[in-house]
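Worth saying up front: this structure is predicted, and the values here are computed from it rather than measured. In what follows, every chain begins at residue 1, and chains take the letters A, B, ... in the order their sequences are listed.
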Amino acid sequence: MLLKQLETDRGGAELLFGSVKEHHVTLPNQSEPWDMKQLLVWIRGNMLKERPELFVQGDTVRPGILVLINDADWELMGELEYELQDKDNVVFISTLHGG
Amino acid sequence: KCVKCKENTTVLIIRAGDAFCRGCFKEYFIHKFRAMLGKNRVIFPGEKVLLAVSGGPASSSMLSQVQEGLSRDAPKKLRFVPGIIYIDEGGASGQSMEERKRAVAQLESVFRATNYHYHIVHLEQVLSLPSSVLEAGSSATGKPPTGSSYKAAVDHLIPTRKNQNQHPDLSVENAQSHLSNLSMQEVQNGVTSPITPEHTQALKRLFASVRTPTAKEDLLHTLRQHLILHTARTQGYTKVMMGDSCSRLAIKLLSNISLGRGASLATDTGFSDPRHGDVVIVRPMRDYSSKEIAYYNRMFDIPSVFIPGLDSKAQDKASIQRLTESFVTKLQTDFPSTVSTIYRTSEKLHTACPPQNTNTQLSAKCLLCVCALDTKLEEFSAYQATLISEQLSQRRGQGHSSGGGQSQGCETGDGGCCSSAKSTVDLKSLLCYSCRLTIKDMTALDALPQYILSEAERRRSQMREEISEFLLDEEEDEAIPRVNGS
């Protein structure tokens, strides 16, 4: 059971999540550790209230959405390959005009 | 590991591979703002500067940088008198009054924390603007401010500070405290300006009469500029700071080309925009990418309020602006130097003629966007080519619609709707190419705010006066549309 804190912060990304900015999620157990790619799939299936194409595109987030893992750029952590740890804090910030 | 201090752990990658640690990033960010202002010496000490804050990350970041810059004790601290303006566009984007009030309240608490004088302006107020807004004022100083006069102005302040006299400093600080004393009562005036539901309805009608989202955004931008300009003029601000980031300006550059605004690219995306004459618009955030701003705001808790606008949750292909944004952003992920390349190119753009051209007649400026008119029909110009192809394609279309009687070809001046056709034609000749396209997308020109229509009428009559001595026979002129309409 991995406890995560997900924030969709400012820039309008929260509009796609029912205008809730902070989410505490517990990911179901599985044998291999969760990585960001799987997390995105999980978010798309379980948390996105509307317009998934405005958040996720293909395998990764839509261009223009920044991802911070524990307040550090996810590019430094390996982007999609990063393996999630317990109590990780993931923040999605949208820099786009159109939400 | 950090590229600058080489010791701390990195938290952020900027551009194509520079990794910074938290402390170095903060320094870098703050330094860039001051360097931008220092490099382009247009803001003089003691000047009143209006900060246009939309609540979004870039303008909120700009606000915090201004606070940061004004608060330092170093002798090189920024010295100007800031004010804040926020434009509530909820009337155009379809928000309810409660939502708008909530957003305004949130922003007000942010503004109050800065202790700067602030103005909350509703977009509905655009309906009651005076037509003087559309006139370019003359600049405050007769000649363009040179580097030496700037240096002299700053030097003047430094020695007196050493002497502990602090008279010039005192005047700046006095002005600030005076303003904040006033702010309590004037804030009342700024905030509780009455907007009636009729105003909101009129505004909604205006935007509903615009057919395409592209034109809606363009019109919104124009009206917003007018409101800011009017506030700046009436409240005595000589400079306006806009929070356009590098990424936004790169997108704006490309979409402006697609909108037909190629002639005014330099002023639309450059650091300073002198088109209004007495009020100069500057863009100090133009060196920051959206990523840098978003990270800074997040890491250092800069308050910003997200307010959904006209284009929130819009499809990628909804408007030219949206499409360009999606294009640039996508390209940027694979080629991280996209935005900076566009930005460098825009830096090389300069206006051909000096902006202080007081000899240009009023009629040589576009009615809406106040840029120089670019629609002189020169031989073999691209504009002439578009006109010719427009005429050719309409001639074929007229064969079909002449029987119906309700043709939409109002631009040619034919058809049953003579009066609105005339006003379309009248307005078009006063606009630049791109504003003409925006107007073309509007179904009801009388929904435009009064100040635009009356200024258009005034310019038309002025033009008529100027050419009246050359007209042989006035009756002959008026007979022609009647002949065509029968």
Side-chain angles (χ1 to χ4, degrees), chain A residues 5-22 36-37 40 44 48-82 85 88-99, chain B residues 1 9-14 17 19-22 25 54-58 60 213 217 245 247-248 251-252 255 289-295 297-299 302-316 318-319 321-334 336 338:
Chain A
Q5 187 183 338
L6 283 172
E7 289 179 51
T8 49
D9 204 359
R10 305 178 193 141
E14 65 265 25
L15 287 181
L16 305 173
F17 291 87
S19 297
V20 178
K21 285 199 187 160
E22 252 186 62
M36 283 301 291
K37 203 188 293 195
L40 287 180
R44 188 198 175 120
L48 265 179
K49 298 278 185 275
E50 52 178 326
R51 309 287 297 279
E53 76 277 8
L54 288 182
F55 186 74
V56 180
Q57 244 177 37
D59 267 350
T60 179
V61 288
R62 182 187 183 200
I65 297 195
L66 303 171
V67 186
L68 279 161
I69 302 175
N70 297 330
D71 278 351
D73 192 353
W74 77 331
E75 280 180 48
L76 290 165
M77 320 278 234
E79 286 202 22
L80 288 170
E81 270 76 48
Y82 171 76
Q85 318 279 323
D88 267 350
N89 185 354
V90 181
V91 186
F92 298 96
I93 305 179
S94 165
T95 59
L96 300 170
H97 230 146
Chain B
K1 284 200 284 176
T9 48
T10 54
V11 286
L12 173 62
I13 293 189
I14 299 175
F20 281 84
C21 69
R22 200 185 151 97
F25 175 59
S54 65
S60 307
E217 267 191 66
S245 66
S247 318
R248 282 280 162 83
I251 293 166
K252 192 172 185 192
S255 47
S289 71
S290 304
K291 184 173 178 181
E292 291 171 23
I293 292 175
Y295 272 98
N297 287 2
R298 166 82 196 169
M299 283 187 204
I302 308 294
S304 72
V305 178
F306 173 70
I307 295 161
L310 261 188
D311 47 8
S312 288
K313 294 204 275 190
Q315 296 273 11
D316 260 3
S319 66
Q321 294 90 341
R322 209 68 5 272
L323 190 59
T324 313
E325 180 183 50
S326 142
F327 169 68
V328 172
T329 332
K330 279 197 192 130
L331 205 59
Q332 175 75 9
T333 45
D334 289 331
T338 302

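The side chain to side chain donor-acceptor pair (under 3.5 Å) search around B:Ser54 returns B:Ser59, not counting sequence neighbours.
Put simply, OG1 on B:Thr329 and CD1 on A:Ile65 are 10.5 Å apart, with the number rounded to the nearest 0.5 Å. With rounding to the nearest 0.5 Å, the separation of CD1 in B:Ile293 from CD1 in A:Ile93 is 12.0 Å. To the nearest 0.5 Å, the span separating CD on B:Glu292 from CG on A:Leu66 amounts to 11.0 Å.
What you find for A:Thr95 and B:Arg248 is that their closest heavy atoms are O-NH2, 3.6 Å. When all heavy atoms are compared, the tightest approach of A:Val67 to B:Tyr295 is O-OH, 3.4 Å.
Interface residue B:Thr333: only side-chain heavy atoms are found under 4.5 Å from chain A.
When the options B:Gln332, B:Lys330, B:Glu325 are evaluated for a side-chain contact (heavy atoms from CB on, under 4.5 Å) with A:Pro63, the one that passes is B:Lys330.
Ranked by heavy-atom pairs under 4.5 Å with chain B, the list A:Leu76, A:Asn70, A:Asp71, A:Thr60 is led by A:Leu76.
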